[in-house]
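Below: one structure, written as C-alpha cells.
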Number of protein chains: 2
Amino acid sequence: MPELPFTLDQLRILKAIAEQGSFKKAANLLFITQPAVSLQIQNLEKQLNITIFDRGGRKALLTEAGQILLEYCQRILNQCDEACKAVEDLNSLKGGTLIIGASQTTGTYLMPRMIGLFRQKYPDVSVQLQVHSTRRTGWSVANGQIDLGIIGGQLPPELENLLHITPYATDELALVLPSKHRLSKEKELVKEDLYTLSFVTLDSQSTTRKVVDELLKNSGLDIQRLKIEMELNSLEAIKNAVQSGLGAAFLPVVSIERELASGTIHKPSITDLGVKRELKLITNPSRYTSKASKAFKKDILPQFSSFKNK
Amino acid sequence: MPELPFTLDQLRILKAIAEQGSFKKAANLLFITQPAVSLQIQNLEKQLNITIFDRGGRKALLTEAGQILLEYCQRILNQCDEACKAVEDLNSLKGGTLIIGASQTTGTYLMPRMIGLFRQKYPDVSVQLQVHSTRRTGWSVANGQIDLGIIGGQLPPELENLLHITPYATDELALVLPSKHRLSKEKELVKEDLYTLSFVTLDSQSTTRKVVDELLKNSGLDIQRLKIEMELNSLEAIKNAVQSGLGAAFLPVVSIERELASGTIHKPSITDLGVKRELKLITNPSRYTSKASKAFKKDILPQFSSFKNK
DNA sequence: ATAAATTATAAATAATTGTTAATTAGAAAT
DNA sequence: ATTTCTAATTAACAATTATTTATAATTTAT
C-alpha cells in the first residue's frame, strides 16, 4: 500500500508532546512508555524527513517544521473527534434520518401520530415521510430508498418473499353514515341493509378502493349490488360528503377517529360483516437496518399495535 | 494507549471503496489484496459499531452512517495531504521563514543585499530581519529566537563558546572626507593627519561607536586627541554631514559603497592605519538548523565573502 | 443452471508497535 | 568539578495487527 507518511497515533503523540513539553509527560498522558513515544517521533521525523523537536533543553521545543506540522495535526485530530461524535450520535439516535414510506391512508391518518411519537422520543433524528402507492412503497423498501414502509394494502407477490412483513394492527373498514341518516338510530345493522344505501367511494383506480372492494367481496357482499352515488379522489372528500348527508361510505377507522369522537359521523356495527385489513410494517432484511429504523419498529410500532404481544 | 477508533489507512480504504464502488477495485487502486480491504472495513465497522457498506449488490453502497463518515474521511485525508505538502515545501525551501538577526550596520547596509539575493534564489521562503545590538542578536541566536545572526561587533564572551561563529568577510573602517576638503587631494594620509580633522561620530552609547573606538585605539590612535565636531545617531546622518562638509568620519566601507562610486565622498588611505573588523555569521550548533538557514550560509554568504575559499 | 465476478473466511506469514532493560546525555546540586 | 537525578535513546524481545494465499459463499448475467 502506498504508505501515508504518518499515522494518527503519531500525530496524537506529537500533539501530546507539544502540549506537555516533554516526551515523558506525553507518554504518561497517553498511558504508554516513554521509549514508545521516542520511537514514534523518530519514525515520524524519518518519514517526513524533518526535525520536529529540539530536544535536550529543559523542554522539548518545536522546530519551525514541527510547528507547521502541529497546526495540521490539531485540525486533523479535531476532525477525527468530530467524526467519532457524529458516529456516536448516530448510534445513540442523536442524529441521522429515518425515511418512512407509507400509502395514502396510513400516510395521512396514521403516520402523523407515529412520527410525532418518534420525534418526541428521538428529537435529534429527522424523519422523512414519502407517501406513495403501496406497490411503489414496497419497491422503495426493496431497493433501499426508504428505511421502512407502513402499508395497508397487499404487496405485489414478487416482493412478499423479498421483504420482511410485520403485521402490527388491523384496521377495520367501517361503514359510516351521516348522523341524521335514518339507519343511524340503529346500533346493529345486517348485511342486507347495505343494499338500501347510496355510497360515496374512492375512484375505482385507487389501491385503497381495490382493497376495500376486495375485502367486501371476501366478506360475502355483492359489491355490484351496492349503489355508488359518487366517486371522489380522497378520503377527506368522502368524509365531508358523508357528513353532508350525501351518502354512506366504507372508511378505515383510523381515518375517522376524530369524527367518531365528535359524533359528526355515525358508525353502526354490522353483525354479519367484519371487514378488516392488516396494517403492516415492511422492511428489507437483506439491507442494512439503521438504528433509527430499529427504534421505530421497537418503540413506536407497539403503541399502535392492536395485538397483545409486545 | 487509549485507542482511536480508526486509522488513516482505514479511512483511505473507505474512500477508495466509495470512489470505486467495489472492494476489489479499491484493493487494486491501493495495491493491496481484496481480503485486506474486507478485513479493514470489518474492523472499522466493528470499532465504530456501525455498518458502513451495504454489500452484496452490484456495487458496494454506503449506508447513511457510511456517508457521514465518508465526509469526515475526505476532510481528514485532505488535511493530511496538505500537511504533507507543507512539509515537502519546507524541505525543498518552498515555504517556511528564515529569521535573521543583524546589528545596526550590517542590518542597514549588508542585509538588504543579502536578503535580496536569498529571496531571488528561494522566492517562497519568507525572510524576517531583526535589527538589534550585537549583544542581543547573539542571545537571540542562543535561545533560538532567530535562526542566524550577521554581526560586526564582538560577542559577549559567554556566548563565544556557545555559538558557532563563521567569519566571512572583513569590513574596513574607512576615513571619509568631504569631496572638497583640503586633504581630499591627497591619496595617502598618515595617522598624524587625523588629529587635524574635525569628526562627526555616532553617539557614544552605540555598539558600533564602541567598536570603532576600540579598533582605532588598537591601531595606536589616541582617540582622546581626535576632535569631535558632533555626534549623530545614525550612519546615514553622518554620511550626510560629511557630504555637506561638516567634518570627517570613520565609516564602514559597506555603508558607503554607493557614495564612493558616485564620488560624493572621498576615502583616502592612511598608510600607517588599517582599521578592520570581522563580519561574522553566528549560529547555534546545539539547535535545529532549518533548511533555509543552511541554504543561507551555503549559498548566500560566500557571495559576500572577502576570502578566497568557497 | 451455469459461469463469471465479488466479497467473506481461515490459516500462515510478515510487519509493526509496545515493552523492558540497559545506556547515554543533560541539568541541577553538592 | 563531581555527583546525582531525570529524561531520552538504543536494543532486544514479545505481542499484537495486518497482509497474503487459498478457499468458500453469494450474487449477477448469460
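Below, read A as the first sequence line, B as the second, and so on, with proteins coming before strands; counting in each chain starts at 1.
For A/E45 and D/dA8, the CD to P distance is 13 Å, given to the nearest whole Å. Put simply, CG on A/L44 is 13 Å from P on D/dT9, counting in whole angstrom units. Here C/dT7 presents its P atom at 13 Å from CD1 of B/I32, a figure rounded to the nearest Å. Computed from coordinates, the A/D9 CG to C/dG18 C1' distance equals 11 Å when rounded to whole Å. Taking atom CZ on A/F6 and atom C1' on C/dT16, their separation rounds to 18 Å, with Å as the unit. D/dA8 atom C1' lies 13 Å from atom CZ of A/F53, rounded to whole Å. Summarising the geometry, the separation between CZ on A/R12 and C1' on C/dG18 is reported as 14 Å, rounded to the nearest angstrom. Between A/Q20 atom CD and D/dA7 atom P the separation is 13 Å, expressed in whole Å.
In the set C/dG18, D/dA8, D/dA18, the nucleotide with an atom closest to the side chain of B/Q40 is D/dA18. Among D/dT9, C/dT7, C/dT17, the nucleotide with an atom closest to any side-chain atom of A/R55 is D/dT9. Out of D/dA7, C/dT19, D/dT19, the shortest distance to the side chain of A/K24 is found at D/dA7.
Here salt bridge (charged side-chain N to carboxylate O under 4.0 Å, His left out) pairs that include residues 38-48 of chain B, with residues two or more places apart or in two chains, are B/E45-B/R55.
Comparing B/Q42 and A/N43 along DNA chain C, the residue whose closest nucleotide (by nearest heavy atom) sits nearer the 5' end is B/Q42.
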Enumerate donor-acceptor pairs with a distance under 3.5 Å from any side-chain N or O in residues 24-39 of chain B to protein atoms, sequence neighbours excluded.
unit_1 : atom_1 : unit_2 : atom_2 : d
B/Q34  : NE2    : B/S38  : OG     : 3.0

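Distance CG/A/L148 to CD1/A/I282: 8.5 Å, rounded to 0.5 Å.
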Close N or O pairs between protein and nucleotides 21-23 of chain D (under 3.5 Å):
none

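Taking the screw axis at each terminus of the helix from C/dA1-D/dT30 to C/dT30-D/dA1 from five consecutive base pairs, the angle between the two is 30° to within rounding of 10 degrees.
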Decide yes or no on side chain to side chain contact (heavy atoms under 4.5 Å, CB included) for A/I52 and A/L70, but give the supporting numbers first.
CA-CA 9 Å; A/I52 296 172; A/L70 179 64; over 6 Å; no

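Heavy-atom contacts from other residues, nucleotides or ligands closer than 6.0 Å to CZ of A/R119 number more than 12.
Using cut-offs of 30° and 60° on the angle between ring planes, the pair A/F23 and A/F53 is perpendicular.
Shown here are the side chain to side chain contact (heavy atoms under 4.5 Å, CB included) partners of A/Q104, two or more places apart in sequence or in another chain: A/T108, A/V131. In this view, B/E214 and B/K217, B/N218 satisfy the side chain to side chain contact (heavy atoms under 4.5 Å, CB included) rule, not counting sequence neighbours.
Taking only side-chain nitrogens and oxygens, B/S38 comes nearer than 4.0 Å to OP1 or OP2 of C/dA8.
B/L8 has its side chain within reach of B/L77: a pair of non-hydrogen atoms, C-beta onward, lies under 4.5 Å apart.
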